[in-house]
Number of protein chains: 2
Amino acid sequence: MIEQLRDIPLFSALSNDSWHELSHYMVLVQYPKGTTIIYADKVEPYFYILQSGIARAYIDGENQQITFWFGESGAVLFSFNSYINNSPGYENIELLTNSALTRIKLTDLFLLYQQNLEIANWGRKIAEQELIATERRLIDRAFKGAAARYHEFAAQSPELIKRVALKHIASYLGVTQVTLSRIRGAYK
Amino acid sequence: MIEQLRDIPLFSALSNDSWHELSHYMVLVQYPKGTTIIYADKVEPYFYILQSGIARAYIDGENQQITFWFGESGAVLFSFNSYINNSPGYENIELLTNSALTRIKLTDLFLLYQQNLEIANWGRKIAEQELIATERRLIDRAFKGAAARYHEFAAQSPELIKRVALKHIASYLGVTQVTLSRIRGAYK
DNA sequence: GGCAACATTTTACAAATGTTAAAAAATCAT
DNA sequence: ATGATTTTTTAACATTTGTAAAATGTTGCC
C-alpha cells in the first residue's frame, strides 16, 4: 500500500535507500469522511501524506470558520506550529471524504532529518513548495478580483469544485458565500 | 564583518564547523539606497542575508506596484523562483536604505545542501520560518480588518513605519493608500 | 531660500463586498 | 420516499473600500 507513494512526485527524488529508510517509519491509516485529524491548540504528533481523498485546513473564528487550505492526493498535511515550532497549532484539518493517509511520527521524522542528508533535503523541498504556493496566493489576492480567483480555482481544481461545499471555497477565496454566489450567478 | 552574522538567530543553530563551511562562500556587499538587487523575470544567482538596512519585495502590475514583503536586518532575501525552481522570478527586491548584505551563490549553497547535513537542515528551517510567516499573513487578511492590520504592523515593526513610504505599506497591508490614510486619520 | 519632484491627505463619488433574512434547492437519514 | 437538515441562492440595504483629482505637506537639490 505504502509503495504507491513512491510514484508521487514528492517522493520520486529520493534514492531507494532513503525511500526505504523513510517508509520504514510510515504507517497507512484510513478514516471516514468528516474525521478531524489535526486539532487546533494541540501539539499534533504526526506528519501525514494524503494518499486518496480531500482535506481542508480551517480556523475557527468567533463568527466564522475560515478555510485556508485544501489538499488532494499527494498533499502533505500537518500542524504547522507542531511541525515547525513544536508548539500547539492554530488550524484544524478535516477530511472531506473517506481518505487513506500515510503518516509518520514527527519524532521519527526529525530523527531522520538529523541522520539522512537526502531526507533533510526532501523536507526542505516540502517547505519550499508550500512556501511558494502560499506566497502566490497572497499575491493573487492583490492582483486578481474575486471573480478571477474563483474562475481560476475552478479551472485548476475541478475535483475540489465538484466535491467541496461552496461555503468552504468562499472563505478559501477570501469572500463571503453571498459574494461567491453572485460571482457564480453572473456567469449564466 | 561576516562574523557578525554568527549572532543572528538564523545562524546560531549551526556548529562551528558548518558555520565555517558556509561562511567560506559568503561575501559581504554594500549598496546604496534605491538599489535593486533582485530583478523579476531573471534567474538571480545569489542568496542574500541582510545585515543592515531595509528591503522590500514588490511586483510590478499594470497600474500598480504591490509590495508584499519587507526585510530588516537578519532577513534572508532571494528570488523565490530562482531559489526554489531555478526559473525566472516574479519579484523585484529593492533596498530602501543604504544596506550591507552577505551573499552566497546559489550554486555554492546548493552544493552545500548536498554535502552538509546541518546546512541542509538550516535551509529547511529557513523555508519553514518563511512559510509560517506567510501563511499567518494570509490568515490575518481573513480575520482582521484593514485598521487592525495597520495598528498591529505599526506595533510590531516600528522601524518600518518610521522609514518606509506609506504607499508601500498600504499595498503590503492589502489596501489602497487612500484607505490607509483614512485609517490613520481616524485615530486623531 | 525656493523650486521641483514626490508623498500624503482630503474630497466626492462609484463600485464592490458585507450583512441579514428569507426563499429555494439539494442532501441526508430513517 | 419523505421529512428534517443543510447548503445555496436571492433580495434589500448598509458599509467598506476603491477611483480620480485636487490640496497640502515633505524632501532634496541647486
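All values reported here derive from a predicted model rather than from experimental measurement. Each chain gets a letter, A, B and so on, in the order its sequence line appears, and its residues count up from 1.
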Quick one: sort the Phe70(A) and Phe153(A) rings into parallel, tilted or perpendicular, breaks at 30° and 60°.
-> tilted
The residue, Ala147(B) or Lys33(B), whose nearest nucleotide of DNA chain D is more 5′ is Ala147(B)
Measure the distance from CD1 on Ile66(A) to P on dG18(C) and round it to the nearest whole Å.
-> 10 Å
Atom pair distance, as rounded to whole Å: CD1 in Ile183(B) and P in dT10(C) | 13 Å
Among dT7(D), dT10(D), dT11(C), which nucleotide sits nearest the side chain of Val178(B)?
-> dT11(C)
dT9(C) phosphate, OP1 or OP2: any side-chain N/O from Arg184(B) under 4.0 angstrom?
-> yes
Has Thr176(B) got a side-chain N or O lying under 4.0 Å from the OP1 or OP2 atom of dG18(D)?
-> yes
If only side-chain N and O atoms of Lys167(A) are considered, is one of them under 4.0 Å from the OP1 or OP2 phosphate oxygen of dT9(D)?
-> no
Nearest-angstrom distance from the residue atom CG of Leu173(A) to P of dA16(C) | 18 Å
Atom CZ of Arg141(A) and atom P of dT17(C): how far apart are they, to the nearest Å?
-> 12 Å
Nearest-angstrom distance from the residue atom CG of Leu166(B) to C1' of dT10(C) = 15 Å
Would you say dT17(C) has OP1 or OP2 under 4.0 Å from some side-chain N or O of Thr179(A)?
-> no
If you check every side-chain atom of Ala146(A), which of dG18(D), dT9(D), dT17(C) has the closest atom?
-> dT17(C)
Roughly how many Å is it from CD in Gln177(B) to C1' in dT26(D), rounded to a whole number?
-> 13 Å
Find the distance Arg182(A):CZ to dA11(D):C1' and express it as a whole number of Å.
-> 10 Å
Let me know the distance between CG of Leu180(A) and C1' of dT17(C), rounded to the nearest Å.
-> 13 Å
Asn92(A) side chain to Tyr39(A) backbone, donor-acceptor under 3.5 Å = no
Ala154(A) backbone acceptor or donor facing Ser157(A) side chain under 3.5 Å | no
Test salt bridge (charged side-chain N to carboxylate O under 4.0 Å, His left out) applied to Arg56(B) and Glu91(B), Glu72(B), Glu94(B), the passing residue = Glu94(B)
Take Arg136(A) and Ile132(A), measure what side-chain contact (heavy atoms from CB on, under 4.5 Å) needs, and give me the verdict at the end.
-> CA-CA 6 Å; Arg136(A) 180 142 293 286; Ile132(A) 208 162; 6.0 Å; no
